[in-house]
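Chain naming here is simple, since letters A, B, ... match the order of the sequence lines and numbering starts at 1 in each. Scope of the values below: all heavy atoms of this structure, side chains included, with no hydrogens, waters or symmetry mates.
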2 protein chains.
Amino acid sequence: MTESRKRHTLPTIADVAELAGVSRAIASRALSSEPRPVSADKRERVLAAAAKLGFKPNLLARSLTTKTVNLVAVIVNHIHDLSDLDLFDLLISQIQSIGKQVIFVRVGSAERIDEFLRNGIAYHVDAALVFSDFADAQTVRKMFRNDSVLMLNGMRDSSSPAIIPDEQVGIAAAVTDARSKGVRKALLVTGRSASPVEQARIAIYKSELLRHNIVLVAELRGDYSYQSGRHVASSSDWRKADAVFCTSDAMAMGVLDVHRRDFPENMPQSFRLYGFDDVTLAEYEAYPISSIGYDKAVYIDEILKFLREPSLFSAGEKLIQVPTYFVARSSS
Amino acid sequence: MTESRKRHTLPTIADVAELAGVSRAIASRALSSEPRPVSADKRERVLAAAAKLGFKPNLLARSLTTKTVNLVAVIVNHIHDLSDLDLFDLLISQIQSIGKQVIFVRVGSAERIDEFLRNGIAYHVDAALVFSDFADAQTVRKMFRNDSVLMLNGMRDSSSPAIIPDEQVGIAAAVTDARSKGVRKALLVTGRSASPVEQARIAIYKSELLRHNIVLVAELRGDYSYQSGRHVASSSDWRKADAVFCTSDAMAMGVLDVHRRDFPENMPQSFRLYGFDDVTLAEYEAYPISSIGYDKAVYIDEILKFLREPSLFSAGEKLIQVPTYFVARSSS
DNA sequence: CTGTTAGCGCTTTCAC
DNA sequence: GTGAAAGCGCTAACAG
């Protein structure tokens, strides 16, 4: 211990400046990632001093003046679903790649979100990505101090940008597929009807069924989850239809498993099964479910564009559509 | 617009104080969640003023003096796996329930994590939950300004607390199950051997196999993922063994699917299959994989204890063990 | 290019 | 119980 009085507190920029023999301002500039006017030799000294001290800037303090924290909030209802896995890992990775970090906010049943959010740092993020449908665009905007809110939950208004998969094309293809295989009577297994995404989705299914002269025999209500798929599968007069459209792959998986249980021989061939989301797992043998998906990479790319340059979205068009596609598998 | 000069900036505590006709100090105390000396009527006035202005404290500024941000970092390699879904949703929910928020850090392939971390707010969290095995306890501790690091990746040293499932009991039960069913020759499908958790796990399998006189025919290297399970399943001289132990359910699922593909009739009965993690999906018909799991709620409870009172962990014992169990399903 | 001086918004001594 | 004042660590004017 040559320099005995070892402080218990982390080195600040003032320490660096002192050691380098310059003012705090110079130190700040030398350490900045932006190009700032500093003479070469002073920059050199500052950098050396910072390295020697192991100085790391306090980003909290910095954010106080710069008004930016490089933090993005991802607001979700929950992360139960398989389709979430496919999305969030890539999303986080991409957000981090532009130097921002992700704060995950799970709003669950949406009790007093407002208050909750304000008591947490999430309230101060640079941008919020709203997957949860706990609130409409205006409410969400009000909940954050800035307007950098990207609606990904299907809700939108004239002020907030939104990215929404264009489900029309995928659903149309799925129904066309069914019709071409002779389907005349269909069942629709739906998710939480409170969600506007779901309402729109259901409406598209109905209009496409109608257009293809397929009779909607019944509409069964689930909640997107695997469990709810099982539930409706066991409850219903199931034989009436020759096709079942589920608005999530998880529900389709539940349906499939119940039939797998009841008919332990191969796949039930009594009806054609269609899912939604195109989860990775559906690519394999256990759940070969025909499904509707969209390119997650494209979708996330659009999100990243927003995060990089929110201003692009505040002008121009607010609604970005990502096309969906239909994938036929052996379930249909 | 009666009060025309509407500022474009959010109300600060100074505004509240002014409106209430008190000093900033009083306003601060009145607004504090802790009990602080303020006369009843002033507190009243402050609260009213705050409400009227829609004042919300700037938590970033607060953290500058309080040295606490109510933010917890969750450090993961990635969130690809099904077992992650089962864990993280509950974890986030529980952390939020104690008034903290979660910043998710995905370290991926672990390039320059150090630098990356320091450039983000994650560097300033109150505590870090380390699931990723990108670094040992000491390194991780050094990367954060405080010592509130909880190791959940199997790595530990004398200074950092760790919570680790006690895999011995579960694995022993699985191997016992196999032996009781006449298994004599086994295959072991492993994850990334770089991970110390995995090394320990493999060692336990080996000693248990030995103890039960089961010959380890071969050891196949995967990386925990479903894909790697498929890969080893198709590559290998597979018939030598009458049991296959996989160190993750995802790999077992991959193995199962490859065999499902190759033997489209029912489940392959040529060997007994054991997984690890006890993912929710294994409870159902498609992947009825015997597995080893632990109670996620208990595990998370222990994590929460740490977050509530890190000091409890800095004294007392540092290693918390959560018992594992074996679940027999039709795959074995 | 450089250093001084103000703050950012909040909490916290410390006297009164 | 109260308020003035001093910071937390940093960056951003503003003169030199």
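- Not a single donor-acceptor pair, N or O on each side, falls under 3.5 Å between the base of D:dG1 and the side chain of B:Arg36.
- For the OP1/OP2 pair of C:dT11 and a distance below 4.0 Å, the side-chain nitrogens and oxygens of B:Ser28 include at least one atom meeting the criterion.
- Look at the P atom in both D:dA6 and C:dT5: the space between them is 15 Å, to the nearest Å.
- At the phosphate of D:dT2, OP1 or OP2 sits under 4.0 Å from a side-chain N or O atom of B:Ser39.
- Under 4.0 angstrom from either OP1 or OP2 of C:dT11 there lies no side-chain N or O belonging to B:Lys67.
- Between the P atom of D:dG9 and the NZ atom of A:Lys56 lies a distance of 17 Å, rounded to the nearest Å.
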>> Please evaluate residues B:Thr139 and B:Asp136 with respect to the criterion side-chain hydrogen bond (donor to acceptor under 3.5 Å, both in side chains), reporting the C-alpha separation (whole Å), side-chain torsions for both, the decisive distance (0.1 Å), and the verdict.
In response: CA-CA 5 Å; B:Thr139 307; B:Asp136 61 41; 2.9 Å; yes

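- When distances are taken from the side chain of A:Pro37 to each of C:dC1, C:dG7, D:dC14, the shortest belongs to C:dC1.
- The one candidate from B:Ile75, B:Val107, B:Leu150, B:Val74 that meets the side-chain contact (heavy atoms from CB on, under 4.5 Å) condition with B:Phe131 is B:Val74.
- Within 3.5 Å, no donor on the side chain of B:Arg43 pairs with an acceptor on the base of D:dG1, nor the reverse.
- Side-chain N/O atoms of A:Ser83 and A:Asp81 include no donor and acceptor closer than 3.5 Å.
- Regarding A:Asp15, its CG atom lies at a distance of 10 Å from the C1' atom of D:dG9, rounded to whole Å.
- Each of A:Ala40 and B:Ile26 was assigned the nucleotide of DNA chain C with the nearest heavy atom; the assignment lying further toward the 5' end belongs to A:Ala40.
- Taking atom CZ of residue A:Arg29 and atom C1' of nucleotide C:dG3, one finds them 8 Å apart after rounding to whole Å.
- Rounded to a whole Å, the CG atom of A:Leu31 is 13 Å from the P atom of D:dA12.
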>> Evaluate B:Phe104 against B:Phe88 for ring-ring contact (aromatic ring centres under 6.0 Å, His included), listing each step before the verdict.
In response: CA-CA 10 Å; B:Phe104 240 92; B:Phe88 290 130; 5.3 Å; yes

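- The side chain of A:Lys42 contributes no N or O atom lying less than 4.0 Å from OP1 or OP2 of C:dC1.
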